[in-house]
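Notes follow the structure.
Basis for what follows: all heavy atoms, side chains included, without hydrogens, waters or symmetry-related copies. Being a predicted model, the structure only gives us computed values, none of them experimental. All chains are named by letter (A, B, ...) in the order of the sequence lines, taking the proteins before the strands, and each is independently numbered beginning at 1.
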Number of protein chains: 2
Amino acid sequence: MISSIAELISDRIGTMPAGERRAAQTLIANYPLIGLKTAAEFSAAAGVSSPTILRFVARLGFQNYPEFQSTLQDELAAQLQSPASRTLNPSSLGGSAVSPMLEATLDNMRETFRHLSDKQLADIVAKLADRRGKTYLIGGRFTDPLARYMAAHLAIVQPNVFHLAGQESIWRDRLIDMGKRDVLVIFDIRRYQDSLVRFAETAHQRGVQIVLFTDQWLSPIARFARHVIAGRTAVPSAWDSSAALFVVAETLIGAVTRQLEADSAKRIRELESLR
Amino acid sequence: MISSIAELISDRIGTMPAGERRAAQTLIANYPLIGLKTAAEFSAAAGVSSPTILRFVARLGFQNYPEFQSTLQDELAAQLQSPASRTLNPSSLGGSAVSPMLEATLDNMRETFRHLSDKQLADIVAKLADRRGKTYLIGGRFTDPLARYMAAHLAIVQPNVFHLAGQESIWRDRLIDMGKRDVLVIFDIRRYQDSLVRFAETAHQRGVQIVLFTDQWLSPIARFARHVIAGRTAVPSAWDSSAALFVVAETLIGAVTRQLEADSAKRIRELESLR
DNA sequence: GGAGCGCTGTATCGTATGTTACGTATTTTG
DNA sequence: CAAAATACGTAACATACGATACAGCGCTCC
């Protein structure tokens, strides 16, 4: 079973003529980056001519150079998305049944936060903590609980936080109260829901700022969103994982609370006395 | 000090017009691979035109698209050569506000799963997948969204899954339908809610098996529970974190789905056709 | 409400890139 | 040692890619 181009090469390098072998060796030595550059640059690095490079990729079974590059990119993409598979050898850890799921989830979180800058989060926190406008939250079929979770916390540290629940017609009607100063937090991962997209579009037209929690393939709502948080969702399960988005949500909740510390502390005391 | 293109983007994304911001977001979400493809493919993925992509890279300070791609490749090369440097976020070095939160959460998860045996999980899965009885789910003030999340998934792979929502009196009345073969999944972390404890006690008296998700200090409901999952909740925030429990929930969802694979696949197909 | 500015997409252009044909060099085999 | 076959590079070609000019549109600010 040959899965990567690197394996394919080492499998066939013996049957190659001298020039192509030099190409193969340079590619292996700088794998896979040389292969992503132009055929001319590749040929220069290998010290051969560009036609030799083309014959080389043809011998590997590719129709043309772009096809070869695409395959390399796909390979790279697969590597970059699951850091674990690359860093640790499979035999090193004890074979627990649950740990693949846990490991994947931990990777997803690290990866999600790696693509999330402090500045981006700070901007979102500032917007969520801005009390001149209202905050609305809504989610899709499986992610609506995340919207609820976030709403439950935010509603405690500040007024004017609303979770949009129930039937579509109900929350569509709420659009009438939304305007420029307001924020709409939407959770939407595959398979993206049309109803949410329509809702987001209308809200956007009304000038509402949208904060979108989605997966790495980006919900179509990203079109209308002011801020996009792309979480990794891939786990060894029949379902996608929302855990990374959940942690981002908790991080934001914590940051908003700290931001509003003075006010929220007072508010929380008041709430306590109401019980 | 800006070292990577990703940082550069998050630094300037605030000043970008809508179209270029979409480009920026898609690049961040699929970093950095989309940027290595052609401008046309990039533009299609971002849902904008190719000139917008070119204006985007120009705004980042590049003379032309190839120069932008070369920089991305160099960055990738540096990463691939020292795998260690990739795993840590550059911002985690200089006192970032978010990464303590992430680190604590990751620790919580590892710690939570360390105290969770495969056998314990397998028992719970077996019980949840047992279709002779009904499954009820409920949670506390902040954890009810977790109950909803779990219910939303379980209800798809098997019948007779119910989330108990609304006012206390409503779900108390549902006790009448609960019996020995049924399972009640409860989420309860500090501060533990009296209403839930009373509910759990009554259910227990009726012979209902209780699966409890709680924190490491154990809700009083643990007294009545057949299975207890104790998650770590401590994070540097004003709030406790439910993320570890969330991941356990997802793990169970995945395991139950696999357990019921044959039946659930058929069921899911049926559901699809109902849309 | 009107004028100005800035953003974005369409269409066109030039060019860099991959591709192919061909001739020479090199190796292999009878 | 000779002849043939294979490999390799040079040069011409075509395509597809990035760049640019321009027009339409929405937005903001008087």
**Prompt:** Do the two ring centres, one from Phe142(B) and one from Trp239(B), sit under 6.0 Å apart?
**Reply:** yes
**Message:** Taking the nucleotide of DNA chain D with the nearest heavy atom to each, does Pro51(A) or Arg59(A) sit closer to the 5' end?
**Reply:** Arg59(A)
**Message:** From CZ of Phe56(A) over to C1' of dG18(C), roughly how many Å is that when rounded to an integer?
**Reply:** 16 Å
**Request:** Would you mind telling me which of dA19(D), dT10(C), dA11(D) lies closest to the side-chain atoms of Ser49(B)?
**Result:** dT10(C)
**Prompt:** Within a reach of under 6.0 Å around CD1 of Ile170(A), are more than 12 heavy atoms found that belong to other residues, nucleotides or ligands?
**Reply:** yes
**Asked** What's the closest nucleotide to the Pro66(A) side chain, out of dC8(D), dA19(D), dG18(C)?
**Response** dG18(C)
**Item:** Of the listed nucleotides dT10(C), dA19(D), dG9(D), the one nearest the side chain of Asn64(B)
**Value:** dA19(D)
**Asked** Nearest to the side chain of Tyr65(A) - dT20(C), dT19(C), dC17(D)?
**Response** dT19(C)
**Prompt:** Taking atom C1' of dG18(D) as reference, at what distance in whole Å does atom NZ of Lys37(B) sit?
**Reply:** 18 Å
**Complete:** Of dA11(C), dC8(D), dG18(C), the nucleotide closest to the side chain of Thr38(A) is dG18(C)
**Asked** Roughly how many Å is it from CG in Leu54(A) to P in dA7(D), rounded to a whole number?
**Response** 16 Å
**Request:** Counting heavy atoms from C-beta on, name the nucleotide in dT8(C), dT19(C), dT20(D) closest to the side chain of Arg55(B).
**Result:** dT8(C)
**Prompt:** Are Thr52(B) and dG9(C) close enough that a side-chain N or O sits under 4.0 Å from OP1 or OP2?
**Reply:** yes
**Item:** Exam field: side chain Asp144(A) to backbone Gly139(A), donor-acceptor pair closer than 3.5 Å
**Value:** yes
**Fill in**
Whole-Å distance, Ile53(B) CD1 to dA19(D) C1', equals 14 Å
**Item:** For atom CZ of Arg22(A) and atom P of dA7(D), their distance in whole Å
**Value:** 17 Å
**Asked** Within this structure, what is the CD-to-P distance between Glu67(A) and dT17(C), rounded to whole angstrom?
**Response** 21 Å
**Item:** Six-ring centre of Tyr136(A), Arg174(A) cation under 6.0 angstrom, axis tolerance 45°
**Value:** no
**Message:** Please tell me whether Tyr149(B) and Phe246(B) form a close aromatic pair, meaning their ring centres lie under 6.0 Å apart.
**Reply:** yes
**Item:** Sugar-phosphate, base or nothing in reach of Pro17(B), heavy atoms under 4.0 Å
**Value:** sugar-phosphate
**Prompt:** When the distance from CZ of Phe68(A) to C1' of dT19(C) is rounded to whole Å, what number comes out?
**Reply:** 16 Å
**Prompt:** Rounded to the nearest Å, what distance is computed from the CZ atom of residue Phe42(A) to the C1' atom of nucleotide dT17(C)?
**Reply:** 16 Å
